[in-house]
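So you know, we letter chains A, B, ... as the sequences are listed, proteins then strands, and number each from 1.
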Amino acid sequence: MATLRVQPGAIVQVLGWDEAFVGVETADPEAYARRIQQGVLDRTRLHCSVGIGDTLVRAKVATGFGKPRGVFRLTAENWLEVMGDRPTIELWGVGSKISRRLAGLGVTTVAELAEADPDALVAEFGPRMGPWYAELGRGDGSAVVDDTPWVARGHSRETTYQQDLTEPSQIEAAVRELAAHVLDDVAAEGRPVIGLTLKVRYAPFVTKVFTKKIPSTSDRAVVVERALELVGRMDPDRPIRLLGLRAEMPMPDDAREGHTPTRGGW
DNA sequence: TCTGGGGTCCTAGGACCC
DNA sequence: TCTGGGGTCCTAGGACCC
């Protein structure tokens with residue numbers, strides 16, 4: 001990320017541990033991309049691929065065509081030519097479930113999604129997601145790279161146990177352990193806890209979550225108590241394969257307004 | 001495929017209020 | 001006693017991404 005940030009004119013929006021958008025205006029994006037790759041290689045000895053696009057979605061999808069170590073450009077001009085005949089699951093944000101539901105509407109390719117009846121999409125996926133999928137099919141959307149530092153909504157820990165938990169004492173100890181880690185992460189940000197989610201995976205891989213809003217607190221003991229209360233909602237008779245605990249934190253005022261998340265559309 | 005960990009966001013339904 | 005309409009908040013579940 002540091003290497004990206006020193007590129008001339010670059011605005012960097014981190015997407016994950018190893019991925020970022022770089023917003024830049026340049027007459028020769030391929031040359032710019034090659035310079036980024038060289039810079040990253042020099043500094044980290046890691047290769048990367050670069051996608052160039054006129055929207056965030058197109059740039060993101062383009063990185064896939066760049067792999068390995070390459071550069072690929074995807075714009076309004078060649079989007080349908082490159083993506084049109086491909087299955088919808090290749091879109092960023094369409095997974096196995098959504099692609100199957102789209103198929104149920106007679107939409108199997110990106111081109112078909114791009115031309116799909118908006119009303120049908122809204123009826124199937126709702127007023128937000130419906131239009132968003134249509135936009136995705138066209139590769140449209142925001143082209144704004146936002147370098148506002150990410151503010152986490154929450155922190156969580158989960159553990160899959162080598163042996164299923166069955167005893168209440170084991171379960172309580174496990175939750176306390178998870179809570180300790182989560183609280184460390186939360187405390188590192190100096191923000192209180194306003195909600196908890198207990199995740200449980202029972203023996204044959206059945207997963208449930210229990211959530212609870214709590215009065216804002218930074219008191220570790222209080223958070224642990226609230227977490228243990230959630231344990232009471234679990235089925236006491238089923239062996240437990242996994243437990244997880246997530247703490248939700250309030251958003252600072254200046255981080256709440258402004259950038260809308262991935263799905264709503266940039 | 002017999003299945004890890006850390007995240008985010010959206011939707012539906014129920015409770016509750018005016 | 002039964003019934004409208006609009007709104008918010010909370011919880012559970014679902015889906016996706018790296």
Atom-to-atom span, CD of A:Gln13 to C1' of C:dC18 - whole angstrom: 14 Å
Given B:dG7, C:dC16, C:dA12, the nucleotide with the shortest approach to the side chain of A:Arg246: B:dG7
Nucleotide of C:dC18, C:dG13, C:dC16 approaching A:Lys208 most closely (side-chain heavy atoms): C:dG13
Are there any protein N/O atoms within less than 3.5 Å of an N/O atom in nucleotides 8-10 of chain C, and if so, which ones and at what distance?
none

Side chain to side chain donor-acceptor pair (under 3.5 Å) contacts touching residues 230-242 of chain A (sequence neighbours left out): none
Any residue meeting salt bridge (charged side-chain N to carboxylate O under 4.0 Å, His left out) with A:Arg86, in chain and number order, not counting sequence neighbours: A:Glu90
Shortest non-hydrogen separation from A:Val151 to A:Pro252 and the atoms involved: CG1-CD, 3.8 Å
May I have the list of side-chain donor-acceptor pairs in residues 17-25 of chain A shorter than 3.5 Å, sequence neighbours left out?
unit_1	atom_1	unit_2	atom_2	d
A:Glu19	OE1	A:Lys60	NZ	3.3
A:Glu19	OE2	A:Lys60	NZ	2.5

Interatomic distance where CG belongs to A:Leu245 and P belongs to B:dG6 [whole Å]: 11 Å
Length of the line joining A:Ile89:CD1 and C:dA15:C1', which is rounded to integer Å: 12 Å
Partners meeting salt bridge (charged side-chain N to carboxylate O under 4.0 Å, His left out) with A:Arg220 (sequence neighbours left out): A:Asp184
Bracket notation of DNA chain C in which parentheses pair within the strand, [ ] cross earlier pairs, and | pairs with another strand (Watson-Crick or G-U, under 3.5 Å): ....||||||||||||||
Length of the NZ-C1' vector between A:Lys67 and C:dC18, whole Å: 10 Å
Residues that A:Asp54 engages under salt bridge (charged side-chain N to carboxylate O under 4.0 Å, His left out), provided they are two or more places apart: A:Arg58
Residues that A:Arg246 engages under salt bridge (charged side-chain N to carboxylate O under 4.0 Å, His left out), provided they are two or more places apart: none
For atom CE of A:Met129 and atom C1' of C:dC16, their distance in whole Å: 8 Å
Atom C1', compared across B:dC17 and C:dG4: separation rounded to whole Å: 14 Å
In residues 189-200 of chain A, what donor-acceptor pairs under 3.5 Å come from side-chain atoms, sequence neighbours left out?
unit_1	atom_1	unit_2	atom_2	d
A:Glu189	OE1	A:Arg191	NH1	2.7
A:Glu189	OE2	A:His155	NE2	2.5
A:Arg191	NE	A:Pro250	O	3.3
A:Arg191	NH1	A:Ala152	O	3.0
A:Arg191	NH2	A:Ala152	O	3.0
A:Arg191	NH2	A:Pro250	O	2.8
A:Lys199	NZ	A:Glu158	OE1	3.2

A:Arg101 side chain, from C-beta outward: closest of C:dA12, C:dA15, B:dT11: C:dA15
All ring-ring contact (aromatic ring centres under 6.0 Å, His included) counterparts of A:Phe72, not counting sequence neighbours: A:Phe65
Residues A:Glu135 and A:Arg138 bridged, charged N to O under 4.0 Å: no
Sugar-phosphate only, base, or nothing, as touched by A:Gly244 at under 4.0 Å among non-hydrogen atoms: nothing
Sugar-phosphate only, base, or nothing, as touched by A:Lys199 at under 4.0 Å among non-hydrogen atoms: nothing
Sugar-phosphate only, base, or nothing, as touched by A:Leu91 at under 4.0 Å among non-hydrogen atoms: sugar-phosphate
Please list every donor-acceptor pair under 3.5 Å in which a side-chain atom of residues 167-175 of chain A meets a protein atom from a residue at least two apart or in another chain.
unit_1	atom_1	unit_2	atom_2	d
A:Gln170	OE1	A:Thr166	N	2.9
A:Gln170	OE1	A:Glu167	N	2.9
A:Glu172	OE2	A:Arg176	NE	3.0
A:Glu172	OE2	A:Arg176	NH2	3.0

Rounded interatomic separation in angstrom, taking CZ from A:Phe210 and C1' from C:dT11: 11 Å
Rounded distance in Å - CZ (A:Arg233) to C1' (C:dG13): 14 Å
At a cut-off of 3.5 Å, list every protein nitrogen or oxygen paired with a nitrogen or oxygen from nucleotides 1-5 of chain B, distance to 0.1 Å.
unit_1	atom_1	unit_2	atom_2	d
B:dG5	OP1	A:Thr160	N	3.3
B:dG5	OP2	A:Thr160	N	3.2
B:dG5	OP2	A:Thr160	OG1	2.6

Phosphate OP1/OP2 of B:dG7: any A:His155 side-chain N/O under 4.0 Å: yes
d(CZ, A:Arg226; P, C:dT11) in whole Å: 13 Å
A:Arg69 CZ: over 12 foreign heavy atoms closer than 6.0 Å: no
